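Quick note: numbers below take in every heavy atom, side chains included, and nothing from hydrogens, waters or symmetry partners. Below, chains carry the letters A, B, ... as their sequence lines are ordered, and counting in each starts from 1. All values derive from a computational prediction rather than experimental measurement.
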Amino acid sequence: MLTTRPRGTEDIIAPEADVWQAVEELARTLSHRYGYEEIRTPLFEHTELYARSVGETSDIVSKEMYTFTDRGGRSLTLRPEGTAGVVRAFLENRLYARPLPVKLYYLGPMFRFARPQAGRLRQFHQFGVELLGAGEAAADAEVISLAMEFYRHLGLEELTLRLNSVGCPACRPAYREVLLAYLEPRQHSLCADCLARYARNPLRVFDCKEEGCRQVLAEAPLVTAYLCPECSAHLAAVRDALRLLAIPYEDDPYLVRGLDYYTKTAFEVIVPGIGAQSAIGGGGRYDGLVEAFGGPHTPAVGFATGLERVLLALGVRGKTLAPPAGRKVFVAAADAAGAAAGVELLARLRRAGFTADRDYLGRSLKAQMKHADRWGATITVILGEAELGRGTVTVRHMQSGEQEAVPFAQVVEALKEHLAR
RNA sequence: GUGGGUGUAGCUCAGUCGGUCAGAGCGCCAGGUUGUGGCCCUGGAGGCCAUGGGUUCAAGUCCCUUCACCCACCCCA
């Protein structure tokens with residue numbers, strides 16, 4: 001156990017770590033471009049926060065939280081998702097007093113205690129945005145637009161955007177009754193899981209893939225048919241806005257997100273080929289959450305995407321992000337005198353912005369050359385008594401194998417020219 | 001929480017009906033070059049064959065336990 005990482009966690013090591021950096025950089029760049037600013041909330045919050053926002057009956061709260069008691073006897077929970085913490089911070093820091101809407105993005109680890117499988121870890125990473133203080137359908141469309149742009153920049157294709165509305169406190173309760181009335185005489189056809197859902201959160205029966213349940217659902221009343229005029233108009237407006245942005249989508253009346261705080265818009269992005277967990281991102285509107293926490297009425301909409309799943313999708317398609325520009329210089333020493341002179345040269349190269357390294361194992365020149373090659377040096381500078389006697393260094397271009405003598409004092413300048421291209 | 005699969009060197013894997021079975025390729029280190037990488041040749045390091053039991057004269061090789069990983073269900077990112 002000493003050398004084994006906890007189940008469902010991963011070490012991210014180069015070269016994969018480079019891909020992570022590229023993806024994260026894209027997330028930040030795009031967010032800023034859309035006017036979002038970063039928010040860094042704690043990795044753990046009071047357990048109560050999640051219980052009251054995500055919902056007691058949700059799977060996340062009922063069986064997936066990493067909850068612990070600290071030494072002060074408080075119940076804390078490692079964040080299972082980002083929205084609750086952002087909303088808490090929005091209120092605690094009185095961000096509602098800032099010019100609305102407040103646009104925030106976050107990037108970091110989330111924790112959920114579930115059995116790991118393809119695309120599912122116990123510690124995973126999300127990039128998400130929250131747009132608080134805007135109730136217009138255009139806001140929903142913007143959030144979706146940012147999400148789709150993120151995927152597009154990464155080169156992900158074959159994505160499907162699924163769209164639905166889950167109603168609001170004005171219409172959902174009534175629909176819930178209608179649905180319950182429909183399901184009640186058909187309980188015998190439902191699977192065990194759905195019977196539990198029927199009792200706790202009937203909307204989620206729509207998630208079921210069991211044949212029996214699907215047959216029952218085929219005739220079931222759909223939430224979209226029972227939306228109040230406001231929700232109905234909102235959904236239509238979101239569709240219009242998406243068409244205006246030329247973002248393709250599919251209406252999915254069966255899409256019901258598992259978190260209690262969603263109202264109106266719910267959406268999900270699906271990608272094929274990454275296993276059973278094909279949703280790489282999702283989000284929706286939560287117009288009542290801020291108010292439920294005692295804040296001012298603040299309609300809001302957000303989105304989050306799982307970075308592990310994004311990387312999976314990238315890998316599946318063999319897409320690779322551009323590697324960092326090669327400016328790697330290795331300083332090799334032919335002898336002790338060269339090694340001494342190389343120390344100073346190495347420092348100069350690094351100060352000039354080069355990625356530069358040398359040998360620290362006292363290895364032969366041959367071994368140093370081999371190491372330089374494996375390391376990916378574009379240029380190796382060779383130093384020895386012969387060069388020092390002439391006041392030069394030998395610059396070897398690793399790809400072509402060509403070498404030239406460059407005056408010791410002008411090495412940095414010469415390499416800048418060589419590697420400028 | 002449930003089900004299925006897997007677990008031999010750093011990596012990918014061979015190991016036949018239990019009896020030289022502890023191996024290969026790649027990688028790593030070194031030598032072949034006296035100051036020079038990529039190809040080639042040679043040599044070397046590295047494994048309580050996941051773990052703990054059991055069966056047997058004898059077990060990576062059969063049986064069971066545990067753990068881990070993978071995949072699927074649940075659910076979601």
Side-chain angles (χ1 to χ4, degrees), chain A residues 1 3-10 13 54 57-64 79-83 108-128 147 191-194 196-197 201 204 206-210 255-259 266 268-271 274-283 302-313 330 332-339 359 361 363-389 393-403:
Chain A
M1 295 301 270
T3 55
T4 307
R5 63 184 186 274
R7 183 165 209 190
T9 63
E10 278 186 342
I13 306 169
V54 177
T57 63
S58 69
D59 279 49
I60 289 179
V61 172
S62 60
K63 60 181 193 185
E64 294 179 354
R79 65 181 188 189
E81 57 99 49
T83 302
M110 303 292 166
F111 308 83
R112 261 125 97 159
F113 188 89
R115 194 83 171 263
Q117 74 182 75
R120 176 195 286 153
L121 293 168
R122 289 182 173 179
Q123 174 174 339
F124 60 104
H125 297 76
Q126 285 190 337
F127 157 50
C191 68
D193 288 329
C194 283
R197 295 185 181 112
N201 195 342
R204 284 203 283 137
F206 284 108
D207 280 337
C208 195
K209 296 166 191 89
E210 290 289 325
L255 174 64
V256 284
R257 314 221 80 228
L259 314 182
E268 209 166 71
V269 182
I270 308 296
V271 66
I274 62 169
Q277 309 306 319
S278 58
I280 56 172
F303 160 81
T305 187
L307 298 184
E308 280 81 2
R309 290 185 188 179
V310 164
L311 296 192
L312 261 184
F330 192 82
D335 46 48
D359 170 63
L361 301 175
R363 291 197 276 209
S364 67
L365 180 59
K366 176 188 172 121
Q368 291 178 57
M369 292 303 294
K370 186 167 183 169
H371 182 77
D373 184 43
R374 296 287 157 81
W375 182 56
T378 46
I379 281 179
T380 297
V381 175
I382 303 169
L383 271 169
E385 281 182 23
E387 284 81 1
L388 293 173
V393 301
T394 297
V395 171
R396 180 180 179 85
H397 299 262
M398 296 302 276
Q399 193 165 6
S400 66
E402 288 170 19
Q403 296 191 171

Residue mapping more 5' on RNA chain B - nearest nucleotide basis, A/Ser400 or A/Arg112: A/Ser400

Dot-bracket pairing map - RNA chain B, Watson-Crick plus G-U, both contacts under 3.5 Å, | cross-strand: (((((((..((((.....[...)))).(((((.......))))).....(.(((..]....))).))))))))....

Any residue meeting side-chain hydrogen bond (donor to acceptor under 3.5 Å, both in side chains) with A/Thr305, in chain and number order, not counting sequence neighbours: A/Tyr151

Sugar-phosphate, base or nothing in reach of A/Leu121, heavy atoms under 4.0 Å: base

Distance, rounded to the nearest Å, where A/Arg120 contributes CZ and B/A72 contributes C1': 10 Å

A/Phe113 vs A/Ser278, nearer the 5' end of RNA chain B by closest nucleotide: A/Phe113

Sugar-phosphate only, base, or nothing, as touched by A/Gly401 at under 4.0 Å among non-hydrogen atoms: base

Side-chain heavy atoms of A/Ile379 within contact of A/Met398, under 4.5 Å: no

Separation between the P atoms of B/G31 and B/C48, rounded to whole Å: 28 Å

Sugar-phosphate only, base, or nothing, as touched by A/Glu308 at under 4.0 Å among non-hydrogen atoms: nothing

A/Glu402 side chain vs A/Arg396 backbone, donor-acceptor pair below 3.5 Å: no

B/A24 and B/U42, which share atom name P, separated by this distance in whole Å: 13 Å

Within-4.5 Å side-chain heavy-atom neighbours: A/Glu308 and A/His125: yes

Spacing of A/Phe113 atom CZ and A/Glu64 atom CD [to the nearest 0.5 Å]: 10.0 Å

Rounded P spacing from B/G5 to B/C62 in Å: 14 Å

Donor-acceptor contact below 3.5 Å, side chain A/Ser62 vs main chain A/Ser58: yes

Sugar-phosphate, base or nothing in reach of A/Glu81, heavy atoms under 4.0 Å: nothing

Contacts under 3.5 Å, N or O only, protein and nucleotides 2-6 of chain B:
unit_1 : atom_1 : unit_2   : atom_2 : d
B/U2   : O4     : A/Arg115 : NH1    : 2.3

Length of the CD-C1' vector between A/Glu402 and B/G38, whole Å: 15 Å

Atom-to-atom span, CZ of A/Phe111 to C1' of B/C76 - whole angstrom: 17 Å

Sugar-phosphate, base or nothing in reach of A/Gly128, heavy atoms under 4.0 Å: nothing

Pairwise P distance for B/G47 and B/G23, with rounding to whole Å: 13 Å

Whole angstrom value for the distance that separates C1' of B/G10 from CD1 of A/Ile13: 12 Å

B/G60 versus B/A45 - spacing of their P atoms, nearest Å: 23 Å

Partner residues of A/Lys370 under the side-chain hydrogen bond (donor to acceptor under 3.5 Å, both in side chains) criterion, sequence neighbours left out: none

C1'-based separation of B/U2 from B/A58 [nearest Å]: 40 Å

Sugar-phosphate only, base, or nothing, as touched by A/Ala114 at under 4.0 Å among non-hydrogen atoms: nothing

Sugar-phosphate, base or nothing in reach of A/Ala279, heavy atoms under 4.0 Å: sugar-phosphate

By side-chain contact (heavy atoms from CB on, under 4.5 Å) - contacts of A/Arg7 (at least two apart): A/Arg115, A/Pro116, A/Arg122

Span that lies between the P atom of B/C39 and that of B/C49, in whole angstrom: 34 Å

Sugar-phosphate, base or nothing in reach of A/Ile382, heavy atoms under 4.0 Å: base

Sugar-phosphate only, base, or nothing, as touched by A/Glu387 at under 4.0 Å among non-hydrogen atoms: base

Rounded distance in Å - CZ (A/Arg7) to C1' (B/G1): 11 Å

Syn-anti status, with the boundary at 90° from 0, for the nucleotide B/G47: anti

A/Ile382 vs A/Val393 side-chain heavy atoms within contact, under 4.5 Å: no

Closest listed nucleotide, where the reference is the side chain of A/Ala118 and the choices are B/C71, B/A77, B/U36: B/C71

Side chain proximity check, A/Arg112 to A/Gln123, heavy atoms < 4.5 angstrom: no

Close side-chain approach of A/Leu383 and A/Leu388, heavy atoms under 4.5 Å: yes

Candidate nucleotides B/A77, B/A72, B/G37, ranked by approach to the side chain of A/Arg396 - the nearest: B/G37

Any A/His371 side-chain heavy atom under 4.5 Å of A/Asp359 side chain: no

Between B/A77 (C1') and A/Phe127 (CZ): distance, integer Å: 14 Å

No-H, no-angle donor-acceptor pair, A/Gln368 side chain to B/U36 base, under 3.5 Å: no

Rounded distance (Å) that lies between atom P of B/C70 and atom CD of A/Gln117: 10 Å

Could you list all N or O pairs between the protein and nucleotides 27-33 of chain B that sit under 3.5 Å apart?
unit_1 : atom_1 : unit_2   : atom_2 : d
B/C28  : OP1    : A/Arg374 : NH1    : 2.3
B/C28  : OP2    : A/Arg374 : NH1    : 2.4
B/C29  : OP1    : A/Arg363 : NH1    : 3.2

Spacing of the P atoms in B/U61 and B/A22 (rounded, Å): 14 Å

Pairwise side-chain contact, A/Gln126 with A/Leu307, heavy-atom cut-off 4.5 Å (strictly under): no

Atom pair distance, as rounded to whole Å: CD in A/Glu10 and P in B/A77: 18 Å

Whether A/Arg363 side chain and A/Ala367 backbone form a donor-acceptor pair below 3.5 Å: no

Touch class at under 4.0 angstrom, heavy-atom based, for A/Gly8 against every strand present: sugar-phosphate

Exercise: do A/His397 and A/Gln403 side chains pair donor with acceptor under 3.5 Å: no

